[in-house]
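What you see is a predicted model; the values in this text were computed from it and never measured.
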Amino acid sequence: MPHLRPRRIVLGRSVHVRSGNGVDQSPPARRLTVELDLSGCVRVKLSGGPDWVPIPAVWEVKSVEIEPKVKILCGNAYEHFDFSGCYCLYEGEQLPIYRWCHRTYVAE
């Protein structure tokens, strides 16, 4: 199987305003280029959480827009993380930061 390189995508929100003559008058949007692996997932940095719970440093989501919240099963509880709107440099890669917000327990 040949080695396949990751795809590159650009994430960003822009509002397009068109005048009556069809000319785009939108201001240029700030965009962030994020590396994707072949499964189409975006790597995100997890931050915070209880010290005694082994939470991975990096997690994968379909996209920040599709999954602004992450729920990870750790033992008998779920650790919840929300996208903070911030990004960090982690191992040479610009990653969105998801911060720990709360824990819920599995119903028995």
Side-chain angles (χ1 to χ4, degrees):
M1 173 181 243
H3 176 70
L4 300 174
R5 292 181 27 203
R7 298 177 306 191
R8 294 177 69 88
I9 65 162
V10 177
L11 298 177
R13 294 182 182 172
S14 59
V15 176
H16 295 284
V17 179
R18 295 201 182 271
S19 64
N21 61 5
V23 176
D24 188 358
Q25 297 177 340
S26 302
R30 290 183 55 169
R31 297 192 182 275
L32 173 71
T33 302
V34 177
E35 292 288 332
L36 292 181
D37 67 4
L38 296 175
S39 65
C41 291
V42 176
R43 290 169 34 110
V44 301
K45 175 78 171 88
L46 299 180
S47 174
D51 292 337
W52 66 88
V53 178
I55 297 171
V58 176
W59 195 257
E60 290 185 349
V61 297
K62 292 179 184 173
S63 81
V64 175
E65 287 82 14
I66 293 173
E67 295 182 72
K69 298 177 184 241
V70 172
K71 180 169 81 169
I72 300 172
L73 179 62
C74 296
N76 67 339
Y78 288 101
E79 303 300 335
H80 296 260
F81 296 83
D82 289 338
F83 176 51
S84 67
C86 300
Y87 296 82
C88 72
L89 192 61
Y90 180 78
E91 296 180 350
E93 188 177 359
Q94 189 87 13
L95 300 179
I97 299 173
Y98 278 62
R99 290 206 168 93
W100 183 85
C101 53
H102 66 278
R103 162 186 277 207
T104 56
Y105 289 91
V106 177
E108 292 186 22

Review point. Are Leu46 and Val53 linked, directly or through other ILVMFWY residues, by side chains that come within less than 4.5 angstrom of each other?
Key: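 In one cluster: yes.
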
**Study point:** Val70 reachable from Tyr78 in the ILVMFWY side-chain graph, under 4.5 Å edges
**Key:**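 No; tracing contacts between hydrophobic side chains, which count when under 4.5 Å, never links both residues.
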
Review point. Backbone N or O of Ile97 within a donor-acceptor pair of the Ser84 side chain at under 3.5 Å?
Key: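 Yes; at least one donor-acceptor contact below 3.5 Å.
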
Check your understanding: Does Glu67 use its side chain to pair, donor to acceptor, with the backbone of Lys62 at less than 3.5 Å?
Key -> yes

Would you say [X] and [Y] make side-chain contact, with heavy atoms under 4.5 Å?
| X | Y | result |
| --- | --- | --- |
| Pro68 | Val61 | no |
| Val106 | Leu73 | yes |
| Pro96 | Phe83 | yes |

Tell me the closest heavy-atom pair linking [X] and [Y], and the distance in Å.
| X | Y | answer |
| --- | --- | --- |
| Cys101 | Asp82 | SG-OD2, 3.5 Å |
| Val58 | Tyr90 | CG2-CE2, 3.2 Å |
| Phe81 | Ser47 | CE2-O, 3.7 Å |
| Arg103 | Trp52 | NH2-NE1, 3.9 Å |
| Trp100 | Glu79 | NE1-OE1, 2.6 Å |

Practice item. Look at Arg43 together with Glu93 and state whether they make a salt bridge at an N to O cut-off of under 4.0 Å. Key: yes

Exercise for review: Calculate, to the nearest 0.5 Å, the distance between atoms OH and CD1 belonging to Tyr98 and Ile55 respectively.
Suggested key: 15.5 Å

Review point. Parallel, tilted or perpendicular: which describes the rings of His102 and His80, with under 30° parallel and over 60° perpendicular?
Key: parallel

